[in-house]
Amino acid sequence: MLLGSTSQTPVHKSSTNVTFTDVAQQAGIDFVNVFGGANAKRYLLETTGSGVAWIDYDRDGYPDLFLVNGTTIEGFQPNQAPTNRLFHNNHDGTFTDVTAKAGLLHSGWGQGVCVSDYDNDGWDDIFVTHYGKNLLYHNNGNGTFTEVAEEAGVAGEATRWNTGCAFIDYDHDGRLDLFVANYVDQGPDFRLLPQPGSGQFCQYKGIPMACGPRGLKSGRNFLYHNNGDGAFTDVSEKSGILLPDKHYALGVVTLDYDNDGWDDIYVACDSTPSSLYHNNHNGTFTDVAFMAGVALSGDGEAQAGMGVATADYDEDGYLDLAKTNFSDDTPDLYHNNGDGTFSDATFAMGLGTHPNYLGWGIGFLDYDNDGWPDLFMANGHLSPEIDPYHIDTTYAQRKLLYHNVPGPAKGRTFMDVSTSSGPGTQLVSSSRGVAFADYDNDGRVDIAINNMNGPALLLRNDGENGNHWIGINTVGRQSNRDGIGTRVEVTVGAQRQIDEVRSGGSYISQNDLRLHFGLGSRDGG
């Protein structure tokens with residue numbers, strides 16, 4: 001335990017004196033993402049980018065940073081290709097690149113990442129999704145990792161486009177199973193796909209763009225059951241995960257949305273209805289997204305969903321959902337009604353004022369420790385080809401930060417404080433993966449961002465509000481070692497906060513497994 005919008009809606013100044021500053025360079029995070037062409041992108045594969053993960057791989061109490069990398073269509077000469085990177089936290093605000101020493105050098109179309117101690121040996125492991133075969137890095141407990149995906153049975157096929165992932169003990173046997181989302185089935189050679197501008201689904205506002213995902217065959221989601229011997233068994237079909245309908249799946253988040261004690265799975269889907277897999281307590285799942293009201297927008301339209309996050313933003317005891325979407329749309333905020341259904345609260349809560357932004361990484365964080373979850377989103381368009389046309393959106397975009405404040409009728413609302421919370425939130429880039437952690441253990445949640453064809457950002461939270469906080473690290477004895485799936489309640493006075501320990505989330509990324517709760521001016525006394 002550890003203690004540039006075009007909207008006409010006014011942007012409010014934060015009353016909490018919080019400043020986010022990018023300190024990646026001074027912290028030693030020397031990383032540049034390579035993902036397809038830097039100036040033009042011919043194929044959809046070049047547009048999705050990579051995730052980022054916080055993992056305390058050496059159990060020293062300080063989260064380390066793992067950044068997923070990609071490649072290009074043309075490829076690279078031997079020993080010149082970009083690789084994933086692991087940066088060790090030095091406890092003094094700086095990091096050291098230990099990738100080679102840790103045995104994590106790998107090149108390819110890296111996509112998402114999730115973390116867990118899948119074999120309950122006390123050391124967190126890393127799963128990396130790819131266009132191509134996935135990687136499962138077993139933590140050897142001595143600062144090194146061994147790649148075991150093939151022998152563990154989770155590498156998948158060489159032509160799959162794997163995206164979001166999450167470890168989840170769906171059958172409560174104390175062992176963590178693995179959910180893997182898939183985006184598009186591009187066939188044996190994606191270079192045979194149609195070229196930009198060649199068809200209905202190969203343009204955006206008349207601008208030739210990479211084709212898809214509409215018009216392409218969708219991937220299928222997979223569930224792997226942990227056998228307890230270091231290997232997994234594919235149970236996708238018999239569990240109900242292998243849906244018959246078309247779903248272009250990206251971001252994944254786990255949550256017990258109906259408070260029945262069993263974790264469910266929500267998946268953001270691009271251009272198709274999103275999925276909410278309800279856990280039936282018998283090893284099977286049922287997609288209830290339509291019945292629950294989280295498959296479509298509030299207007300009943302399929303959206304281009306990217307990242308997902310969950311929190312009890314109004315502290316009524318039920319976890320709500322947020323999802324980022326394509327430009328010319330808004331993010332979604334689904335309020336949990338407590339009866340198995342959700343209501344669209346996007347506009348009522350003040351989140352509908354930036355339709356020109358294309359959102360990716362997303363997360364709830366109590367950035368000012370006032371006891372209420374705030375909301376952060378990183379943005380960026382698909383391809384730099386749009387900029388010369390000077391339309392109403394751009395390739396590089398700034399971040400969005402919303403402060404959770406009192407609203408009408410004793411409710412809550414989100415106040416846009418994006419331009420008054422320091423220079424870090426105003427930096428423009430085409431961002432993808434986002435993950436949250438208090439990396440320096442100062443009681444303030446910080447943000448790591450993986451950007452397309454650019455340097456990573458580390459937004460340090462320099463808040464000065466005097467509010468109290470508590471951090472909780474769960475250790476399972478009869479459950480899985482990390483306590484993934486555990487719900488934690490924190491009560492101070494009349495206020496009750498809830499959260500759950502989870503693997504995966506945001507846009508194909510991984511937050512710190514420790515839970516962070518702001519306590520406001522109260523100290524629990």
Side-chain angles (χ1 to χ4, degrees), residues 51-56 63 66 112-118 120 124-127 129 163-172 174-181 221 223-224 226 250-268 275-279 285 294 307-313 318-323 334 336 361-366 373 375-376 433-438 445 448 471-476 479-490 497-517:
V52 56
W54 290 104
I55 171 176
D56 184 4
F66 181 83
V113 56
C114 53
V115 167
S116 82
D117 179 7
Y118 75 89
N120 290 337
D124 283 336
D125 314 294
I126 305 173
F127 182 74
T129 62
T163 51
C165 61
F167 286 92
I168 173 176
D169 183 7
Y170 75 90
D171 55 355
H172 287 192
R175 299 187 295 264
L176 287 168
D177 314 297
L178 177 61
F179 177 91
V180 183
N221 300 329
L223 181 65
Y224 299 96
N226 190 329
L250 289 170
V252 174
V253 70
T254 63
L255 74 160
D256 179 9
Y257 77 92
D258 53 355
N259 290 359
D260 65 356
W262 296 75
D263 270 354
D264 314 293
I265 306 170
Y266 184 63
V267 184
S275 298
L276 177 60
Y277 292 100
H278 177 259
N279 191 327
F285 291 82
V294 293
V308 281
T310 182
D312 180 11
Y313 73 83
Y318 290 89
L319 290 169
D320 311 294
L321 283 165
K323 175 167 68 74
Y334 297 112
N336 192 328
I362 183 173
F364 289 96
L365 73 161
D366 187 357
L375 187 60
F376 177 89
V434 173
F436 304 86
D438 176 11
V445 179
I472 297 175
N473 182 36
T474 58
V475 180
S479 69
N480 66 85
R481 177 76 178 184
D482 283 325
I484 288 173
T486 301
R487 174 167 292 194
V488 175
E489 297 186 5
V490 173
Q497 301 180 58
I498 64 171
D499 202 356
E500 294 172 350
V501 183
R502 60 181 57 88
S503 169
S506 183
Y507 175 69
I508 59 177
S509 293
Q510 172 72 57
N511 300 326
D512 188 359
L513 288 172
R514 300 177 301 180
L515 298 182
H516 181 98
F517 296 90

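Heavy atoms only: backbone and side chains are in, while hydrogens, waters and symmetry mates are out.
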*Give a yes-or-no answer on whether the side chains of Asn511 and Arg502 include a donor-acceptor pair shorter than 3.5 Å.*
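Side-chain D/A pair, Asn511 to Arg502: absent.
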Can you name the nearest heavy-atom pair linking [X] to [Y], along with the distance?
| X | Y | result |
| --- | --- | --- |
| Asp320 | Asn336 | OD1-N, 2.7 Å |
| Thr254 | Ala166 | CG2-CB, 3.9 Å |
| Asn221 | Ala181 | OD1-CA, 3.3 Å |
| Ser509 | Gly51 | OG-CA, 3.4 Å |
| Ala437 | Pro63 | CB-CG, 4.2 Å |
| Ser503 | Cys114 | OG-CB, 3.5 Å |

Please examine the side chains of [Y] and [X], heavy atoms only from C-beta on, and report whether any two atoms are closer than 4.5 Å.
| X | Y | value |
| --- | --- | --- |
| Asp177 | Asp171 | yes |
| Leu513 | Asp124 | yes |
| Val488 | Asp499 | no |
| Ile265 | Phe285 | yes |
| Asp117 | Asp125 | yes |
| Leu321 | Val294 | yes |
| Arg481 | Val475 | yes |
| Tyr277 | Phe179 | yes |

Between [X] (side chain) and [Y] (backbone), is there a donor-acceptor pair under 3.5 Å?
| X | Y | value |
| --- | --- | --- |
| Glu500 | Asp256 | yes |
| Asn279 | Asp263 | yes |
| Arg487 | Gly261 | no |
| Ser506 | Ile362 | yes |
| Asp169 | Gly174 | yes |
| Asp482 | Ile484 | no |
| Gln510 | Val113 | no |
| His278 | Tyr257 | no |

_My understanding is that only residues two or more places apart in sequence, or in another chain, count here; which of them pass side-chain hydrogen bond (donor to acceptor under 3.5 Å, both in side chains) with Tyr313?_
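If we apply the side-chain hydrogen bond (donor to acceptor under 3.5 Å, both in side chains) test to Tyr313, skipping adjacent residues, there are no hits.
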*Using side-chain contact (heavy atoms from CB on, under 4.5 Å) as the criterion, point out the one residue from Thr486, Asn473, Val501, Thr474 that pairs with Leu515.*
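One option only clears the test, and that one is Val501.
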*asked:* Given Tyr266, which partner from the list Leu319, Val252, Val253 fulfils the side-chain contact (heavy atoms from CB on, under 4.5 Å) test?
replied: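 Only match with Tyr266 under side-chain contact (heavy atoms from CB on, under 4.5 Å): Val253.
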*Do Tyr118 and Phe127 have ring centroids that are under 6.0 Å from one another?*
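Not close enough - the centres of the two rings lie 6.0 Å or further apart.
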Rounded to the nearest 0.5 Å, what separates atom [atom1] in [X] from atom [atom2] in [Y]?
| X | Y | atom1 | atom2 | result |
| --- | --- | --- | --- | --- |
| Thr310 | Asp264 | OG1 | CG | 10.5 Å |
| Tyr507 | Lys323 | OH | NZ | 13.5 Å |
| Phe436 | Phe376 | CZ | CZ | 6.0 Å |
| Asn120 | Leu176 | CG | CG | 6.5 Å |

_For Thr129 and Val180: C-alpha separation, side-chain torsions, deciding distance, then whether side-chain contact (heavy atoms from CB on, under 4.5 Å) applies._
CA-CA 8 Å; Thr129 62; Val180 183; 4.2 Å; yes
